[in-house]
Participant: 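I'd like to ask some things about the structure below.
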Amino acid sequence: MEKTWRWFGQKDQVTLNLLHPIGVDSIVTSLHDVPNGNVWTVEDIRHMQSYIRSYGFDWSVVESLPVCEAIKYGGPERDKLIENYKLSLANLGRCGIRTVCYNFMPVIDWIRTDLNYPLPDGSTSLYFDRIRFAYFDLKILQRSGAEKDYTLAEREKVEILDKKMTDEQKDELIDTIIVKTQGFVNGNIRSGDKNPVLLFKHLLDLYKGINRDKLRENMRYFLSSIMPVCEKYGVNMCVHPDDPPFQVFGLPRIVTDEEDIAWILNAVDNPHNGLTFCAGSLSAGEGNDTRSLAKKFAGRTYFVHLRSTEAIPGGSFIESSHLAGRGHIIDLVRIFEQLHPGLPMRIDHGRSMLGDGDKDYNAGYSFYGRMLALAQVEGILSTVSDEMDKGVFFDF
């Protein structure tokens with residue numbers, strides 16, 4: 001596998017000169033300064049490429065070229081935005097960048113309720129607490145109809161929690177769920193925005209009447225529109241699974257499990273319509289077996305995110321060590337190296353440790369924590385390579 005590293009541009013405190021000694025092969029990044037919906041020009045792409053190459057790396061994967069909300073909900077400006085998207089894809093292809101990771105999650109990208117959940121060894125991890133999430137939905141957002149999404153027992157736990165939550169804790173929950181995990185990903189809400197809860201409600205309103213079937217059709221429309229450009233320039237689109245892979249805030253989620261992935265790949269059955277296999281997102285779904293999914297979809301997987309989660313009874317989960325949890329990273333490496341060798345891979349989120357927490361890193365994107373995870377995965381890669389050299393293969 002090609003060992004990539006997600007880098008957030010020249011403002012990233014993890015600078016490119018730090019990455020050669022820890023075994024990074026190439027860079028995953030985006031044009032973060034280009035507003036969503038605008039065209040990525042050849043000039044801007046080549047400028048970023050040149051900067052990355054000046055440190056001895058190639059820009060191998062785009063993560064991400066954002067899909068605007070109006071494309072997802074089918075707004076009147078959809079076709080114009082898709083044309084811009086096609087121009088950006090063509091320009092990436094002209095510059096030799098042919099792997100694009102994107103998502104089709106309405107409004108909100110990945111969700112956690114705690115960004116620094118303490119672990120016994122002194123490090124911290126990302127955590128999704130089902131009850132704290134329900135508290136945000138029911139008590140802070142006060143979303144109409146939210147009650148039906150939670151059991152009576154869950155709602156009772158929310159009431160108990162409500163008696164203990166301070167204003168500071170409420171503000172921190174808002175910042176965690178709809179600001180810190182979103183601003184650097186899709187730009188819908190950014191740090192410093194006034195009244196982010198109200199902004200978030202306005203974004204949710206855009207999806208009134210958009211159910212699962214309608215969102216699927218909007219995705220089919222988008223993919224059908226861009227595939228001719230992908231074919232011409234050899235660009236592979238790699239959809240990222242929903243994180244977490246279940247419905248939130250009454251919004252449909254359509255990239256959650258085997259049936260969803262199969263639908264997407266079959267709805268626009270083109271080899272350039274592919275998958276980002278995110279073991280962390282998929283393992284957070286209790287019904288998902290990452291090994292089975294990897295084996296089934298390896299041929300249409302063009303990018304891999306290696307991380308893992310531990311499920312906690314009641315619908316919560318925590319991001320675990322890359323050597324543990326429901327992600328089954330060791331087995332995934334065996335599967336992909338056997339069925340689709342050489343894929344670009346990044347270790348995705350890492351724990352916060354050894355002073356990471358004192359830095360202003362994007363949530364989940366620590367330096368030392370990811371360095372540890374990369375070392376763990378590099379050991380896995382070496383072991384699997386040795387197995388294959390000895391003719392040892394596994395049937396999952």
Side-chain angles (χ1 to χ4, degrees), residues 1-68 84-85 87-103 109-110 180-187 190 233 235-240 243 274 276-278 280 302-307 343-350 359-367 369-371 373-374 377:
M1 284 181 159
E2 178 185 352
K3 295 172 291 179
T4 73
W5 184 273
R6 191 173 189 186
W7 176 69
F8 294 96
Q10 295 182 44
K11 297 177 183 177
D12 195 330
Q13 292 193 57
V14 180
T15 54
L16 294 177
N17 64 301
L18 297 175
L19 302 182
H20 277 298
I22 66 173
V24 173
D25 296 326
S26 61
I27 300 302
V28 173
T29 194
S30 178
L31 297 183
H32 291 284
D33 292 332
V34 178
N36 289 2
N38 286 15
V39 175
W40 288 18
T41 66
V42 168
E43 181 182 14
D44 286 343
I45 295 166
R46 291 203 188 282
H47 179 76
M48 178 63 81
Q49 276 184 310
S50 296
Y51 183 83
I52 292 170
R53 285 172 178 165
S54 73
Y55 285 86
F57 294 107
D58 283 327
W59 180 5
S60 64
V61 178
V62 168
E63 186 176 353
S64 84
L65 180 56
V67 180
C68 292
N84 286 355
Y85 203 99
L87 289 171
S88 296
L89 287 176
N91 290 339
L92 285 167
R94 291 185 183 104
C95 295
I97 302 172
R98 296 188 169 88
T99 305
V100 175
C101 173
Y102 74 104
N103 76 68
D109 200 89
W110 59 286
K180 283 184 177 173
T181 57
Q182 305 304 309
F184 71 95
V185 177
N186 59 26
R190 294 183 179 275
Y233 293 97
V235 175
N236 291 325
M237 294 294 295
C238 312
V239 66
H240 189 287
D243 184 10
T276 293
F277 193 97
C278 181
Y302 302 118
F303 186 33
V304 177
H305 287 182
L306 292 182
R307 64 178 172 85
L343 290 172
M345 170 280 301
R346 72 172 179 87
I347 48 84
D348 209 357
H349 301 156
K359 309 294 192 301
D360 190 26
Y361 295 139
N362 289 326
Y365 291 93
S366 61
F367 178 62
R370 283 192 290 166
M371 183 173 69
L374 181 59
V377 170

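All residue numbers refer to positions in the sequence shown, counting from 1. All figures in this text were calculated on a predicted structure; none of them were measured in a lab.
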Participant: To the nearest 0.5 Å, how far apart are CG in L19 and CD1 in I27?
Facilitator: 5.0 Å
Participant: With sequence neighbours excluded, what pairs up with D33 under the side chain to side chain contact (heavy atoms under 4.5 Å, CB included) test?
Facilitator: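 K11.
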Participant: Does any non-hydrogen side-chain atom of K3 lie less than 4.5 Å from one of V24?
Facilitator: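 When only atoms from C-beta onward are counted, K3 and V24 do not touch, as no gap falls below 4.5 Å.
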Participant: Can you give me the closest heavy-atom contact between S26 and S60, atom names plus distance?
Facilitator: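 What the structure gives for the nearest pair is OG-OG, 3.0 Å.
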Participant: What verdict does the side chain to side chain donor-acceptor pair (under 3.5 Å) test give for Y233 and R98, after you've listed the backbone C-alpha separation in whole Å, the side-chain angles of each residue and the deciding distance to 0.1 Å?
Facilitator: CA-CA 8 Å; Y233 293 97; R98 296 188 169 88; over 6 Å; no
Participant: Just by modelled atom types, is the V62 backbone N or O under 3.5 Å from a matching donor or acceptor in the S30 side chain?
Facilitator: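 Not a single qualifying donor-acceptor pair exists.
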Participant: I would like to know whether Y302 and V61 meet side-chain contact (heavy atoms from CB on, under 4.5 Å); could you show each step before the answer?
Facilitator: CA-CA 10 Å; Y302 302 118; V61 178; over 6 Å; no
Participant: Taking side chain to side chain contact (heavy atoms under 4.5 Å, CB included) as the test, write out the residues that go with D58, two or more places apart.
Facilitator: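 Residues passing side chain to side chain contact (heavy atoms under 4.5 Å, CB included) with D58: R53.
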Participant: Under the side-chain hydrogen bond (donor to acceptor under 3.5 Å, both in side chains) rule, collect the residues that match up with Y102, sequence neighbours excluded.
Facilitator: none
Participant: Look up atom CG in N91 and atom OG1 in T41, then write down how far apart they are to the nearest 0.5 Å.
Facilitator: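 So the CG of N91 and the OG1 of T41 are separated by 7.0 Å.
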Participant: Nearest 0.5 Å, please: how far is NE2 in H240 from CH2 in W110?
Facilitator: 10.5 Å
Participant: Which heavy-atom pair separates T15 from D12 by the least distance, and what is that distance?
Facilitator: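 Here T15 and D12 meet closest at CG2-O, 4.0 Å.
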Participant: Minimum heavy-atom separation for P66 to S64, with atom names?
Facilitator: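 Scanning both residues, the minimum pair turns out to be CD-O, 3.2 Å.
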Participant: Looking at C278 and D348, what are the two nearest heavy atoms and their distance?
Facilitator: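 Closest approach of C278 to D348: SG-OD2, 3.7 Å.
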Participant: Shortest non-hydrogen contact from C101 to T276?
Facilitator: SG-OG1, 3.4 Å
Participant: Can you list every salt bridge (Lys or Arg N to Asp or Glu O under 4.0 Å) pair that touches residues 38-49, not counting sequence neighbours?
Facilitator: none
Participant: Look up atom CG in L89 and atom CG in N236, then write down how far apart they are to the nearest 0.5 Å.
Facilitator: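 Atom-to-atom, L89:CG and N236:CG are 11.0 Å apart.
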Participant: Please evaluate residues Q49 and I97 with respect to the criterion side-chain contact (heavy atoms from CB on, under 4.5 Å), reporting the C-alpha separation (whole Å), side-chain torsions for both, the decisive distance (0.1 Å), and the verdict.
Facilitator: CA-CA 9 Å; Q49 276 184 310; I97 302 172; 3.7 Å; yes
Participant: What do the steps show when you test M345 against V377 for side-chain contact (heavy atoms from CB on, under 4.5 Å), and what is the final call?
Facilitator: CA-CA 10 Å; M345 170 280 301; V377 170; 3.7 Å; yes
Participant: How many angstroms lie between CZ in R346 and CG in L306, if you round to the nearest 0.5 Å?
Facilitator: 10.0 Å
Participant: About how many Å separate CD of E63 and CH2 of W7, when rounded to the nearest 0.5 Å?
Facilitator: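 The CD atom of E63 is 14.5 Å from CH2 of W7, to the nearest 0.5 Å.
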Participant: Is a donor on one side and an acceptor on the other found under 3.5 Å between the side chain of Y85 and the backbone of L65?
Facilitator: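 Yes; judged by distance alone, with no hydrogens or angles, the pair exists.
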Participant: So that I know where these two stand, are F57 and H20 an aromatic pair - ring centroids less than 6.0 Å apart?
Facilitator: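 Centroid distance F57-H20: below 6.0 Å, so yes.
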Participant: Centroid separation under 6.0 Å, is that true for the rings of Y365 and H349?
Facilitator: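 Centroid separation for H349 and Y365: below 6.0 Å.
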Participant: Would you call the rings of H305 and F303 parallel, tilted or perpendicular, where under 30° means parallel and over 60° means perpendicular?
Facilitator: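 Judged by the thresholds at 30° and 60°, the geometry between H305 and F303 is perpendicular.
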Participant: Output all residues satisfying ring-ring contact (aromatic ring centres under 6.0 Å, His included) with H47, sequence neighbours left out; order by chain, then residue number.
Facilitator: none
Participant: How would you list, by chain and number, every residue that makes a side chain to side chain contact (heavy atoms under 4.5 Å, CB included) with M371, sequence neighbours excluded?
Facilitator: I22, F367, Y368
Participant: Measure across T29 and W59 and return the closest heavy-atom pair with its distance rounded to 0.1 Å.
Facilitator: O-NE1, 3.3 Å
Participant: Between F277 and L343, is a side-chain contact (heavy atoms from CB on, under 4.5 Å) present by the stated rule, with each step listed?
Facilitator: CA-CA 11 Å; F277 193 97; L343 290 172; over 6 Å; no
